[in-house]
4 protein chains.
Amino acid sequence: MRKLNVAMIGGGFMGKAHAMAYAAMPMFFWPAPAIPVRKVVVDINQEMADAARDRFGFEESSSDWKAVIARDDIDLIDICTPNNAHAEIAIAAAKAGKHIICEKPLARTGAEARTMLEAVQGGKSIHMVAFNYRRTPAVAFAKKLINEGRIGEILNFRGTYLQDWSASPESPLSWRFQKSVAGSGAVGDIGTHVIDFARYLVGEFAAVNAMTKTYVETRPKQTGGVDKLGVGGSEANAERGPVDVDDEMLTMIRFENGAIGSIEATRNAYGRNNFLTFEIHGTKGSLAFNYERRDELQVMFADGPIDARGYRTVYTGAAHPYGDGLWPIPALGIGYGETKIIECYDLCKAIVSGEQPSPNFEDGYKISLIADAILSSGETGEWVSLK
Amino acid sequence: MRKLNVAMIGGGFMGKAHAMAYAAMPMFFWPAPAIPVRKVVVDINQEMADAARDRFGFEESSSDWKAVIARDDIDLIDICTPNNAHAEIAIAAAKAGKHIICEKPLARTGAEARTMLEAVQGGKSIHMVAFNYRRTPAVAFAKKLINEGRIGEILNFRGTYLQDWSASPESPLSWRFQKSVAGSGAVGDIGTHVIDFARYLVGEFAAVNAMTKTYVETRPKQTGGVDKLGVGGSEANAERGPVDVDDEMLTMIRFENGAIGSIEATRNAYGRNNFLTFEIHGTKGSLAFNYERRDELQVMFADGPIDARGYRTVYTGAAHPYGDGLWPIPALGIGYGETKIIECYDLCKAIVSGEQPSPNFEDGYKISLIADAILSSGETGEWVSLK
Amino acid sequence: MRKLNVAMIGGGFMGKAHAMAYAAMPMFFWPAPAIPVRKVVVDINQEMADAARDRFGFEESSSDWKAVIARDDIDLIDICTPNNAHAEIAIAAAKAGKHIICEKPLARTGAEARTMLEAVQGGKSIHMVAFNYRRTPAVAFAKKLINEGRIGEILNFRGTYLQDWSASPESPLSWRFQKSVAGSGAVGDIGTHVIDFARYLVGEFAAVNAMTKTYVETRPKQTGGVDKLGVGGSEANAERGPVDVDDEMLTMIRFENGAIGSIEATRNAYGRNNFLTFEIHGTKGSLAFNYERRDELQVMFADGPIDARGYRTVYTGAAHPYGDGLWPIPALGIGYGETKIIECYDLCKAIVSGEQPSPNFEDGYKISLIADAILSSGETGEWVSLK
Amino acid sequence: MRKLNVAMIGGGFMGKAHAMAYAAMPMFFWPAPAIPVRKVVVDINQEMADAARDRFGFEESSSDWKAVIARDDIDLIDICTPNNAHAEIAIAAAKAGKHIICEKPLARTGAEARTMLEAVQGGKSIHMVAFNYRRTPAVAFAKKLINEGRIGEILNFRGTYLQDWSASPESPLSWRFQKSVAGSGAVGDIGTHVIDFARYLVGEFAAVNAMTKTYVETRPKQTGGVDKLGVGGSEANAERGPVDVDDEMLTMIRFENGAIGSIEATRNAYGRNNFLTFEIHGTKGSLAFNYERRDELQVMFADGPIDARGYRTVYTGAAHPYGDGLWPIPALGIGYGETKIIECYDLCKAIVSGEQPSPNFEDGYKISLIADAILSSGETGEWVSLK
C-alpha cells in the first residue's frame with residue numbers, strides 16, 4: 001500500500017484537524033487509497049514545532065518550511081497557516097512538484113489566488129482547497145440527489161453562515177479581523193464555504209449584488225503570539241486595534257443556469273454557533289441542511305401520496321455517500337473530524353489516481369473571484385458580473 | 001356596551017375568518033371594547049350573499065355594496081374582496097364616514113393605495129389594513145422585547161415567506177396570478193406580510209434592491225366563478241392562461257436606522273406551507289420566529305451564565321401580549337383564527353378610543369410603495385430609494 | 001337546516017371554548033349538519049350567568065340548571081362544570097331525553113361514570129365526552145393511516161402529557177387538586193387524554209401497572225370563588241391547604257391486541273406547556289405527534305428508496321381529515337379552538353344521524369375504569385387487569 | 001510524558017473507534033495525561049489481526065490474546081470482543097496486573113460481571129467499562145448542572161434508546177440476537193447505556209418493574225465469519241435461525257433518592273437511528289437530551305423573567321466539560337469518535353493518577369444486576385428490588 005509523506009505547515013486548530021485525519025483515514029476507509037505518514041510538521045519556531053510534533057504524532061519538526069519543501073521524501077504539502085502565507089508556500093510547493101492541500105480561502109484576493117493557480121497549471125501537483133463542509137455526508141447526499149434529478153431543476157438557493165463567537169466587541173483582535181492577513185472578514189472566512197456549496201450544488205455564478213458591513217470596528221489587541229478566538233480570549237484593559245474587514249455580508253446571486261439565490265454570512269448572530277445552512281427548491285422537490293444538525297438532510301419529494309408529503313428527516317448512514325467507511329449506524333454521529341477524514345480520503349484518492357479532486361485550485365480561484373465581486377458590489381451597490 | 005354594526009363585503013375564505021372573529025372576539029376579550037354585530041354580508045349575487053349570511057351568522061344579505069355603505073346603521077365596512085375592488089369600496093366607505101378594515105395588500109399599487117389614504121385623511125374613519133400575522137402573540141412579544149431594549153440595537157433582519165400550494169404548474173389560474181386583479185404576485189400577496197413585519201419590528205425602509213421571477217408562466221383556467229387554490233382545484237384538460245405576475249421575490253433592504261436585511265417570498269417552495277419566518281440579530285441578543293410553529297418565539301439573550309447561552313423556546317401565554325384574552329395555558333394553541341380575533345379586538349379598541357390602529361391605511365400605502373420599489377428594482381437591477 | 005338549542009352549564013374557560021365552537025362550526029363546515037343555537041347559559045349565580053350570556057352570545061341566562069333541563073325547547077345539554085357535578089347533571093339530562101356533551105373526564109371514578117352510562121343506555125340521548133385532542137387533524141390522520149394499514153401492525157405506543165403551569169408549589173389550590181371535586185389529579189385531568197389516544201389509536205387495554213406520586217403536597221388556598229390556574233394566581237401570604245391527588249403518573253400498558261406501551265403524565269415538567277405526545281411503532285412504519293406543534297404529524301414509512309427513509313413532517317391540510325372545513329392552506333394554523341369546532345361538528349352530525357359518536361359515555365366509562373386501575377396499581381405496585 | 005502500551009483485543013467496529021481514540025486523544029487534550037501507544041492488536045486469526053494492525057496503525061498483531069496479556073511491556077488491555085469473551089479476558093488481564101477497558105455491557109449477566117469485579121478487587125488494575133455516551137459533552141454538562149443544583153432536586157427521569165437497524169425481520173442473525181453470546185438483547189446492548197445515564201445523572205436504583213418482548217423471532221443466518229448489521233447484510237434465501245433475546249424493553253424505576261422514572265429500549269422503532277434520549281424534571285428546572293442532536297443540551301431554568309421561560313438550546317463548546325480539548329467553536333461538531341476520545345482521556349487520567357474512573361467494573365456490575373432485574377421482572381410482572 002502506497003505511503004504518502006506529509007509535511008504540514010502550521011500547527012494550530014487546523015493542524016489538529018488535519019493530523020487527526022491523517023491518522024484516522026485508513027481506519028475508516030479500508031483498504032485505504034494510500035497511507036498518509038505524518039512526516040514533518042512546521043511551525044513558526046522550533047519550540048512550537050516540537051510541541052506540534054509530539055502532540056500530533058509527526059516524526060519530525062521544523063521551523064523552516066522552505067527547507068522542508070526542498071526535501072525529496074515529502075509527497076504532500078499541507079498548508080494550515082493564516083491566509084497571507086498561502087500563496088508563497090503553495091507556489092514554492094508547486095515549483096517543487098509537491099502535491100498540495102491548502103486551507104480555505106485559497107488566498108486573500110482573486111489576483112493572489114490566480115498566482116497560485118498558475119503555479120500548479122501544467123505541473124504534476126495534485127491540488128485541493130480544504131472546503132471541508134461539502135464533504136459532510138448529508139451535503140454529498142444532497143449533491144447526489146440533485147445529480148440524479150430527484151428534485152428536478154433547481155429554482156433557487158438560500159445559504160447562510162451565522163456565528164456568534166465574535167459577536168461581542170470584547171472578542172480579541174484575531175488575524176481574522178485584519179485585512180492584511182485575512183484578505184476579508186465574513187466574506188472570506190465563512191462566506192466562501194457557502195459559495196462553495198452554491199457552486200457545488202447549483203452551478204457557476206453569473207453575477208452578484210451584495211451588501212457588506214462592519215459593525216464591530218475595534219477589538220482588544222492580543223499579545224503573546226497565539227491567536228485566540230471568542231469571548232474570554234481577551235486580556236483585561238487591552239489596547240484596542242481597528243477591524244478593517246467586513247463582519248456581515250448579504251448577497252443576491254444569479255446563476256448561469258437561471259436559478260437565483262442569496263447568501264448571508266455574519267459573525268454577529270447571537271445564538272448561532274456554526275449555523276451553516278442551505279435550502280434548495282427544485283421543480284420536483286426541495287432540500288434543506290443545517291450543519292448544526294449535520295447528520296440530517298431534510299428531503300422533500302413532490303410526488304407520492306398527497307396526504308404524505310413533507311420534508312423527510314433523513315439521517316445519513318451506510319446508504320449514503322462515504323457510508324462504507326463511516327460509522328455503521330446513522331446518527332452514531334458525524335463530527336468536524338469526519339469531514340476532514342473524508343477530505344483526506346478524497347485527496348489521497350486523487351493523488352493515487354492522478355485526477356484532480358474538487359474543489360481544487362481552479363475552484364479556489366473562482367471562489368476568490370466571487371468573494372472579490374461581493375466585496376466590490378458591497379461598495380458600489382451594483383451588480384457585478386462573473387462571466 | 002357599545003355595539004358596532006358590521007357590513008362585510010366578500011364571503012370567501014377571508015369572510016370566514018372575519019366572521020369568526022366578530023363572533024368570538026368578546027368571548028376572548030371581556031369586557032370587550034365593543035360588541036361587533038354581524039349586520040349584513042355582501043357577495044357578488046344574492047344567492048351567494050344569502051348563503052354567506054346563513055353560514056357566517058349575519059342578520060342580512062345583499063348584493064349591492066353601494067347601498068349597504070349608504071345605510072345609516074352601519075358602523076364598519078369590512079373589505080374581503082380581491083385586491084382590485086379594495087380602492088373603490090374603501091373610498092366610498094370613507095366618504096360615507098364609515099370605519100374600514102381592508103384586507104391586505106391595501107391596493108394593487110402605491111398610486112392606488114394613495115387614493116385610499118387620501119380618502120380617509122381628514123375624515124373621521126378609523127382605518128386598518130388586515131396584516132394579521134403581526135398579531136400572532138409571539139410576533140407581538142418580539143416587538144415588546146425590542147421596544148424594551150432586551151436584544152439591544154437591531155443589526156439585521158431576515159424574513160421569508162415560502163409556500164407550495166401553487167408550486168405545481170397544474171394549480172389553477174386563481175385571480176392571485178392575474179396582474180389586473182392582484183396587482184402583483186408573491187410580492188403583494190405574501191411578501192407584503194414580511195414587509196409589514198420588517199417595518200413593525202425594525203423600522204422604515206431606506207432602499208431596496210431586488211430580484212423577481214415568474215417560474216410558472218401558464219396555469220389551467222378556472223370556470224364556475226369560485227376561485228380555487230392548490231392542486232386538485234383544476235379541471236382536467238382545462239385551457240391554460242398566462243400568469244402575468246411574479247411567483248418569487250428576493251430583496252435586500254437598507255433600513256433608515258442603519259440595519260440591513262433581506263426578504264425572500266416564493267410560491268415554489270415544495271415542502272413549505274405557510275413558512276413565514278424572521279430572524280433578527282441585535283447587539284444584546286437575537287429573535288427567531290416561524291409561523292408554522294407560531295406558539296413559539298425563539299429568544300436569545302447574550303448575557304447571563306456563559307454555559308447557559310442559547311435560543312430559548314418560549315411558548316406564549318398569559319405572560320405575553322394578549323395573554324389575558326387568549327387560552328389560559330401556553331400551547332393550548334394559537335391558530336389562524338386567533339390572529340383574526342386579536343385583529344378584531346385591536347380594531348374595536350381603536351374605534352372606541354378614536355385613535356388610529358396600526359397598521360392603518362398610511363402603513364398600507366407605505367407597504368405598497370415598498371412593493372412597487374421591489375418590482376421596479378427587480379426589473380432594473382438597481383437600488384430604489386424609499387425616502 | 002335543523003337548529004339545535006343548546007343549554008351550556010358552566011361559563012369558565014371551557015364555556016368559552018364551547019361557545020366559540022357553537023358560533024364558528026357552521027362557518028367552517030358548510031353546509032353544516034345542524035345550526036347550534038346558543039339558547040341559555042347556566043352559571044352558579046345569576047350575575048355570573050348574565051355575564052356569561054353577554055360574553056358568549058347566548059340568548060338567555062340562568063342559575064338553575066334543573067329548570068333549564070326541564071325546558072322542552074332545549075335539545076343539547078353541554079356540561080362544562082367541575083368534575084363533581086358531571087354525574088348529577090348528566091343523569092338528569094338523560095332522564096329528560098336531552099342530548100349531552102360532557103367535559104372530560106366523564107366522572108371522578110369508574111363507579112360514578114357507570115351511573116352516567118346506565119342513565120343513557122336504552123334512551124334516545126346522543127352522548128359524547130369532550131376528549132377534544134383526538135380531533136386535532138394530525139391525530140385523526142394518524143388514525144386514518146393506522147386504519148389503512150400504512151404502518152402495519154402496531155408494536156408499541158408511548159404517550160406523554162407534560163405540563164408546568166402548576167409545577168411551582170405557589171400555584172393556587174384549584175379544585176383540580178382536590179379529590180372530592182376532581183376525583184384524581186394528573187391521572188384524571190391530563191392522563192385521560194392520553195388514555196383516549198391510546199384506545200383510539202391502538203385498542204383496548206388489557207392491563208396496567210403504574211406509579212403515582214404527589215410531589216407538591218400543599219398549595220395556597222383561594223378566595224373569591226373564581227378558580228385560578230398557574231403562578232400569579234395566588235394571593236400573598238395565603239393560607240395553604242392540602243393537595244390530596246396525584247401530580248405525576250407513569251404506567252405501563254398491555255393492550256388486548258398484544259401491543260405494549262406506556263403513558264407518563266405530570267404537572268411538574270418545567271419547560272413543557274401542553275406537551276401531549278405519542279409515538280407509535282408499527283411493522284411497516286412509525287408515527288409521532290406533539291400537540292405543541294399540532295399542525296404536524298411525523299410519519300415514517302419503512303418502504304421506498306433506502307436512501308430516503310426518515311420521518312416526514314406532514315402538515316395537515318385539505319388532504320387530511322376535516323380538511324374540507326378548515327383553513328385552505330396547511331399551517332395557516334390549527335389552535336385549541338379548531339379542536340372544539342371539529343368536536344362540535346362531529347357531535348352535531350351524530351345528533352342528526354342518530355348514531356352515537358366516539359368517544360361517548362361508554363368510552364368515558366372505560367377510560368374511568370382505566371384511570372381507577374392506574375390509581376389502584378399505583379398503590380399496590382401490581383398489574384391490574386381490565387378484562 | 002508517560003507512554004501506555006495498549007493491547008487491543010478485537011478489531012471490528014469498536015476496534016476502529018478505540019484505535020482512533022488512541023491516535024487522536026493527545027491531539028485533542030494537550031498536554032496529554034499519557035501517550036497511548038498502539039502496540040499490538042489481537043484478532044481471531046493472524047490474517048485478520050494483520051489487517052487490523054495495518055488499518056488501525058498498531059505496531060504488532062497477534063491471534064493469541066493470552067500470550068499478549070503475558071507480555072511485560074503491555075500496560076492496558078482493551079477488550080472489544082463480543083460479550084461472551086469479556087470475562088475470561090478481563091480476569092486474565094486482572095491477574096496479570098494490567099489496566100483494563102472493557103466494552104459494554106461488562107458481562108452477559110450479573111453473576112458473570114461479579115467474577116470480573118472480584119478479579120480486579122484488591123489488585124492494582126485501573127478498570128473502566130466503555131459506556132461512552134455519558135462522555136458526550138452535553139451529557140457531562142447535564143451532570144454538572146445537576147451537581148451544581150441548578151435544576152434543584154430531581155423528580156423524574158425518562159430515558160429511551162430507539163433504533164431501527166434491525167427492525168426488519170430480514171436483518172441478519174448477528175451475535176447480538178443470540179443469548180449465549182450477548183446475554184440479552186435490547187436490554188443489554190442499548191438499554192444498559194440508558195441505565196448508565198440514569199445512575200450517573202439521578203442515582204442508584206431501588207427497584208424496577210418491566211416488560212420485555214421479542215417481536216422478531218427468527219432472522220437469516222450469516223456465513224463467512226464477519227458479523228453484519230442491518231438490512232442488506234443478509235444473503236438471499238439464507239436459512240433462518242432463532243432469536244432468543246428480547247428486542248424491546250420497557251421499565252419503570254424507583255430510585256433510592258425518591259425520584260421515579262422509566263426507560264424504553266427497542267430495536268423496532270422505524271425512523272429512529274440512535275435515538276438515545278433523556279428528559280429530567282427537577283424542582284428548579286429541566287433538562288432534555290437527544291444523542292441524534294448531540295451537540296445540544298436543552299436546559300430550562302424555572303427562575304428569571306416570567307416572559308422568557310423556555311427550554312434553551314445550548315450548544316456545548318469551550319464553556320462546557322472537556323471544552324478545552326475539543327473543537328474551538330460550538331457545533332463544529334461532536335461525533336461518535338469524540339465520545340471515544342474523551343473516554344480515552346479519562347481512562348489515561350485515571351491510570352496516571354491511580355484513581356478508579358467512572359464507570360468502572362463496580363458500576364458495570366451494578367448495571368448488569370439492573371439488567372438482570374429487568375429481565376426477571378419482564379417474566380414475573382413484579383417489582384424487583386435492587387437493594
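What you see is a predicted model, and the numbers here were worked out from it, not measured in a lab. To find a chain, count down the sequence lines: A is the first, B the second, and so on, and within it residues start at 1. Heavy atoms only: backbone and side chains are in, while hydrogens, waters and symmetry mates are out.
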Of all heavy-atom pairs between C:Y311 and D:Y270, which one has the smallest distance, and what is that distance?
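Closest heavy-atom pair between C:Y311 and D:Y270: OH-O, 3.8 Å.
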
Using heavy atoms and a sub-4.5 Å threshold, report which of residues 378-387 of chain C line up against chain D, by residue number.
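Checking residues 378-387 of chain C against chain D gives C:G381, C:W383.
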
If the contact rule is any heavy atom under 4.5 Å from chain D, which residues of residues 279-286 of chain C qualify, in numerical order?
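Residues in range: C:E279, C:H281, C:G282, C:T283, C:K284, C:G285, C:S286.
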
Quick one, C:T160 and D:R158 - any side-chain contact, counting heavy atoms below 4.5 Å?
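They are in side-chain contact.
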
With the side chain counted from C-beta on, respond yes when D:D164 and C:M300 share a heavy-atom pair under 4.5 Å apart, and no when they do not.
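Yes, at least one pair of side-chain atoms sits under 4.5 Å.
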
Give me the contact list for residues 140-152 of chain D versus chain C, heavy atoms only, anything under 4.5 Å, ordered by residue number.
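Answer by number: none.
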
Residues of residues 186-197 of chain D under 4.5 Å from chain C (heavy atom pairs)?
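Residues in range: none.
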
Let me confirm one number: the [atom1]-[atom2] distance from [X] to [Y], rounded to the nearest 0.5 Å.
{"X": "D:T266", "Y": "C:N156", "atom1": "OG1", "atom2": "CG", "answer": "5.5 Å"}
{"X": "C:M211", "Y": "D:M252", "atom1": "CE", "atom2": "CE", "answer": "5.0 Å"}
{"X": "D:K213", "Y": "C:I260", "atom1": "NZ", "atom2": "CD1", "answer": "6.0 Å"}

Side chain / backbone / both / neither for D:Q298 at chain C, heavy atoms under 4.5 Å:
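The answer is neither part of D:Q298.
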
Part of D:I253 lying under 4.5 Å from any heavy atom of chain C:
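Just its backbone gets close to chain C.
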
Most contacts with chain C, counted as non-hydrogen pairs under 4.5 angstrom, among [options]:
{"options": "D:N268, D:V216, D:L155", "answer": "D:L155"}
{"options": "D:E264, D:R254, D:R272, D:E248", "answer": "D:R272"}
{"options": "D:P169, D:G261, D:A207, D:A167", "answer": "D:G261"}

For C:E153, does the CD atom have more than 12 heavy-atom neighbours from other residues, nucleotides or ligands under 6.0 Å away?
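No - once you tally the heavy atoms of other residues, nucleotides and ligands closer than 6.0 Å, there are 12 at most.
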
